[in-house]
Structure formats: C-alpha cells, structure tokens
Amino acid sequence: MRNFISVKDIGDLDAAVKEALEIKTDRYKYSHLGKNKTLMMVFFNSSLRTRLSTQKAALNLGMNVIVLDINQGAWKLETERGVIMDGDKPEHILEAIPVMGSYCDVIGVRSFAHFESKEDDYNEVILDQFIKYSGRPVFSMEAATRHPLQSLADLITIEEHKTRKRPKVVLTWAPHPKALPQAVPNSFAEWMNAADYDFVITHPRGYELAPEFVGNARVEHDQMKAFEGADFIYAKNWAAYTGGNYGKILCTDRSWTVSDRQMSVTDNAFFMHCLPVRRNMIVTDDIIESPRSLVIPQAANREISATVVLKRILEGLQ
Ligand code: AN0
Ligand code: CP
C-alpha cells in the first residue's frame with residue numbers, strides 16, 4: 001500500500017479485519033519492518049487518540065517517530081499558491097512539505113475541513129499537496145472529508161462484537177455546540193457501505209451528507225424509528241453539508257441526544273462514538289457508562305488499525 005486515504009486503499013475488508021485480529025494477538029509480530037524507518041506525524045489540529053495510538057503503532061513496528069504540531073512552534077504556513085506573502089505566514093506549504101518529506105519515510109497528516117470553501121475541503125487540497133510534494137507514502141490521520149484510521153477501528157470493533165452476520169448499524173446525528181466536520185460520519189458511512197451491513201443514517205432534515213458517502217444507506221429522519229431493532233448505534237455530530245448551509249449549525253435539539261429513551265427500542269444495541277465526546281450533548285452519562293458502551297475498546301482498536309495500515313505501508317517500502 002502506498003497511501004491510505006479512504007476505504008479503497010485497504011482492499012478486501014475481510015482480509016484487513018483478519019490481519020487486525022492477528023496483530024491484536026501479537027502486536028509486536030512485525031517489529032522488524034520499521035527498523036531504521038521514520039514516521040513523521042503532522043498535526044494541523046488537536047488530537048489525543050490519533051496522536052497516541054499512531055505513535056504506539058509505529059513503536060510496535062520498530063519505527064522511529066517525529067511529531068510536528070503545526071500550530072505549536074512551527075512557522076505558520078501559507079497554503080495557497082500565488083499569494084503575496086506579506087501577512088503573518090512566514091513559510092509556504094510548498095517548501096515545508098518536501099522539507100518534511102526529506103526527514104522521514106512515511107508521513108501521517110491531520111488536517112480538518114476549514115469550512116471556508118466546500119470545494120477546497122472536498123478536494124482535500126492540503127492532504128493532496130502532501131501526496132504530491134512529500135515524495136513519501138502519506139496516510140490520513142483525519143483529513144477534510146474522511147477519517148479512515150477511525151473507520152477501520154470501528155469496523156474491527158463491530159466485527160468483534162456482532163452476533164449476526166449482517167448487523168443493523170445506525171449512524172445518528174446528535175447535537176453539539178460547535179460546528180464539526182463531516183469527516184467521521186462520511187468515512188463511517190463509506191466503510192459501513194463497503195462492509196455491506198444493514199446500514200441506516202438518521203439526522204434532522206438539512207443534515208444530509210454528500211451522496212457519494214451516503215451510497216446505498218437508508219436515510220430515516222425519525223430517530224426513534226431508525227433505532228428500532230438496531231445492533232449498533234454510532235453517534236456523531238456534524239455540521240450541515242448541503243447548499244449554502246455548508247459548515248453551519250442548523251439544529252441544537254437535545255431530544256437527539258442519545259439516551260435510554262432511544263436505546264430502549266434497539267435490540268440491546270452497543271453504543272459507539274469515536275471520542276472526544278461531549279456528555280449529555282451527544283450521549284447521556286448512563287449510556288456512555290453502560291456495559292453496552294464500546295467507546296473504550298473502540299479507541300483501543302485505533303492502535304490496531306494504525307498498526308495494520310503502517311505495516312502495509314512499510315511492506316510497500318521494503
Ligand atoms: C473532531 C471531529 O468531529 O472531526 C475529531 C473527531 C475524531 N472532533 C472535534 O473537533 C471535537
Ligand atoms: N477519535 C479520534 O481521532 O480522536 P482524537 O481527535 O483525539 O485523535
């Protein structure tokens with residue numbers, strides 16, 4: 001594997017899950033692969049899980065790791081070509097990227113949607129420049145439109161807990177005080193469609209995701225109806241995508257907060273969220289603390305998904 005940006009890059013999902021579960025039984029099995037190889041993780045945005053789990057995965061594989069937080073101690077980067085750089089940004093990304101590439105073998109990038117231009121966000125202009133100009137394999141640590149390391153961890157978690165071949169999985173929007181990107185729900189939808197589960201998306205009207213991510217999922221605007229008989233509930237907030245509302249908050253209705261009321265109509269469903277989560281906005285204390293909550297094992301599987309992805313990238317470099 002060269003780059004890891006979307007579900008397409010991972011190939012057969014059954015094989016990927018099998019590999020993940022094998023790595024989980026011995027996470028140091030491939031510790032020879034990363035000898036004298038350096039991973040550089042570049043963060044344009046904050047992170048707890050991605051930062052720690054990806055670094056741990058690199059250590060599992062015997063790699064060295066360099067972490068750069070662009071907003072803490074690095075020069076502010078201009079990202080647009082053609083601008084006269086007389087403002088507050090002393091360096092252009094077009095120099096910074098190849099320089100970063102010269103110090104490492106693999107690059108991970110976290111760069112969220114900016115919500116300034118839907119076109120730029122959905123064309124993944126930042127991630128794309130890393131792919132074009134770093135000369136290194138690049139993987140997404142959540143980019144503008146997708147979070148594939150999260151989705152692979154989600155898939156592993158569902159496969160570990162499902163009791164039916166084709167479980168009912170429901171992605172539900174939930175309220176949040178700040179506008180959040182669509183990367184997690186887009187990506188989750190893309191992976192759930194690829195996994196061929198019984199997949200339903202529920203959200204208030206106006207929160208439609210881009211059709212290329214919705215795919216064949218059923219969309220149900222009545223949250224209670226969507227939850228009926230579900231095996232897995234995956235909660236996430238996102239800001240509006242469609243039309244002139246891109247990046248806007250259209251609804252703050254706390255009746256969408258996942259609570260016992262909705263969970264009681266499921267088939268004793270597991271609760272999932274990628275974290276970080278705002279309690280009593282997205283989900284009540286009781287549900288996130290319940291024995292059916294998978295948020296901690298789900299986060300733990302981030303180490304496994306990152307180990308699978310880095311292993312495959314390293315195999316491509318041998
Ligand atoms: C981010 C998001 O919603 O995309 C990261 C989630 C993994 N969340 C926040 O910014 C709170
Ligand atoms: N789920 C996830 O990616 O968390 P962080 O933003 O803390 O990395």
Side-chain angles (χ1 to χ4, degrees), residues 4-6 39 41-58 65 67-72 108-116 118 121-122 124 126-127 139-158 171-191 201 203 207 209-210 213 234-241 246-249 251-252 256-258 271-283 288 293-310:
F4 179 66
I5 307 303
S6 83
L39 166 65
M41 301 199 291
V42 182
F43 288 94
F44 288 85
N45 307 94
S46 305
S47 166
L48 185 150
R49 278 143 293 274
T50 303
R51 179 185 300 270
L52 298 177
S53 62
T54 310
Q55 179 155 0
K56 177 60 166 63
V65 183
V67 184
L68 179 68
D69 286 290
I70 294 286
N71 298 323
Q72 277 172 26
V109 181
R110 166 162 285 204
S111 176
F112 291 175
H114 291 101
F115 287 150
E116 281 158 20
K118 183 176 186 168
D121 288 345
Y122 274 69
E124 292 286 7
I126 304 290
L127 192 64
F139 64 95
S140 164
M141 299 195 301
E142 186 173 339
T145 62
R146 293 178 177 88
H147 193 359
L149 281 174
Q150 180 66 50
S151 306
L152 176 54
D154 298 337
L155 176 70
I156 296 164
T157 311
I158 293 173
L171 167 64
T172 182
W173 180 93
H176 193 274
K178 294 220 162 94
L180 295 183
Q182 295 102 24
V184 170
N186 282 347
S187 198
F188 185 70
E190 184 172 71
W191 286 68
I201 306 177
H203 55 72
Y207 279 96
L209 294 167
F213 292 105
Y234 194 101
K236 184 72 186 81
N237 171 266
W238 63 90
Y241 166 77
Y246 181 64
K248 295 212 170 95
I249 295 178
C251 172
T252 52
W256 281 79
T257 302
V258 177
F271 175 81
M272 299 177 73
H273 188 280
C274 64
L275 305 182
V277 72
R278 289 186 187 240
R279 285 176 174 224
N280 304 309
M281 288 295 300
I282 302 286
V283 58
I288 198 168
S293 170
L294 293 179
V295 296
I296 307 302
Q298 196 184 340
N301 275 336
R302 290 293 306 276
E303 176 187 342
I304 306 304
S305 68
T307 308
V308 170
V309 166
L310 280 172

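Atoms within a ligand are numbered from 1 in the order they appear, just like the ligands themselves.
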- Item | Close side-chain approach of I156 and S305, heavy atoms under 4.5 Å | yes

- Do any heavy atoms of K236 fall under 4.0 Å from ligand 1? yes

- Message: Using 30° and 60° as the class boundaries, would you call the ring planes of W173 and Y207 parallel, tilted or perpendicular?
- Response: tilted

- Query: Can you name the closest pair of heavy atoms from A235 and H273 and give their distance?
  - Reply: O-CD2, 2.9 Å

- Look at atom 7 (O) of ligand 2 and say which protein heavy atom is nearest, naming residue and atom and giving the distance to 0.1 Å. L48 N, 2.7 Å

- Message: Quick one: does any side-chain atom of W238 pair with a main-chain N or O of V184 as donor and acceptor, under 3.5 Å?
- Response: no

- Is the closest side-chain heavy-atom distance between R146 and F213 below 4.5 Å? yes

- Query: For L149 and S140, which heavy atoms make the closest approach, and how far apart are they?
  - Reply: CD1-O, 3.7 Å

- Proximity flag L275 to ligand 1, non-hydrogen atoms under 4.0 Å: yes

- Message: Tell me the protein heavy atom at minimum distance from atom 2 (C) of ligand 2, and give that distance in Å.
- Response: R302 NH1, 3.3 Å

- In the protein, which heavy atom is nearest to atom 6 (O) of ligand 2, and how far is it? R110 NH1, 2.8 Å

- Item | Nitrogen or oxygen atoms of E142 and ligand 1 under 3.5 Å apart | yes

- Message: Any atom of ligand 2 sitting under 4.0 Å from a heavy atom of E142?
- Response: no

- Query: Taking it one step at a time, do V283 and V295 satisfy side-chain contact (heavy atoms from CB on, under 4.5 Å)?
  - Reply: CA-CA 11 Å; V283 58; V295 296; over 6 Å; no

- Item | Minimum-distance pair of heavy atoms, taken over all atoms of D154 and Q298 | OD1-NE2, 2.9 Å

- Under a heavy-atom criterion of less than 4.0 Å, does F112 contact ligand 1? yes

- Counting heavy atoms under 4.0 Å, the part of L275 that contacts ligand 2 is backbone

- For the student: nearest non-hydrogen atoms of A143 and A183, plus distance: O-CB, 3.6 Å

- Query: Can you find an N/O atom of T50 closer than 3.5 Å to an N/O atom of ligand 2?
  - Reply: yes

- Message: Closer than 3.5 angstrom, by distance alone: can the side chain of N71 be matched with the main-chain N or O of F44 as a donor-acceptor pair?
- Response: yes

- Item | Nearest atoms (heavy-atom pairs only) where A153 meets R302 | CB-CD, 3.6 Å

- Message: Can you report which non-hydrogen protein atom sits closest to atom 11 (C) of ligand 1, along with the distance?
- Response: L180 CD2, 3.8 Å

- Which of the atoms in ligand 2, numbered in the order shown and given with their element, are less than 4.0 Å from a heavy-atom of H147? 2 (C), 3 (O)

- Message: Heavy-atom contact check, 4.0 Å cutoff: does P181 meet ligand 1?
- Response: yes

- Item | Min N/O separation P276 to ligand 2 under 3.5 Å | no

- Message: Between ligand 2 and R49, is the shortest N or O to N or O distance under 3.5 Å?
- Response: yes

- Task: May I ask whether M141 has any heavy atom positioned less than 4.0 angstrom from an atom of ligand 2?
- Result: no

- For R110, is at least one N or O under 3.5 Å away from an N or O on ligand 1? no

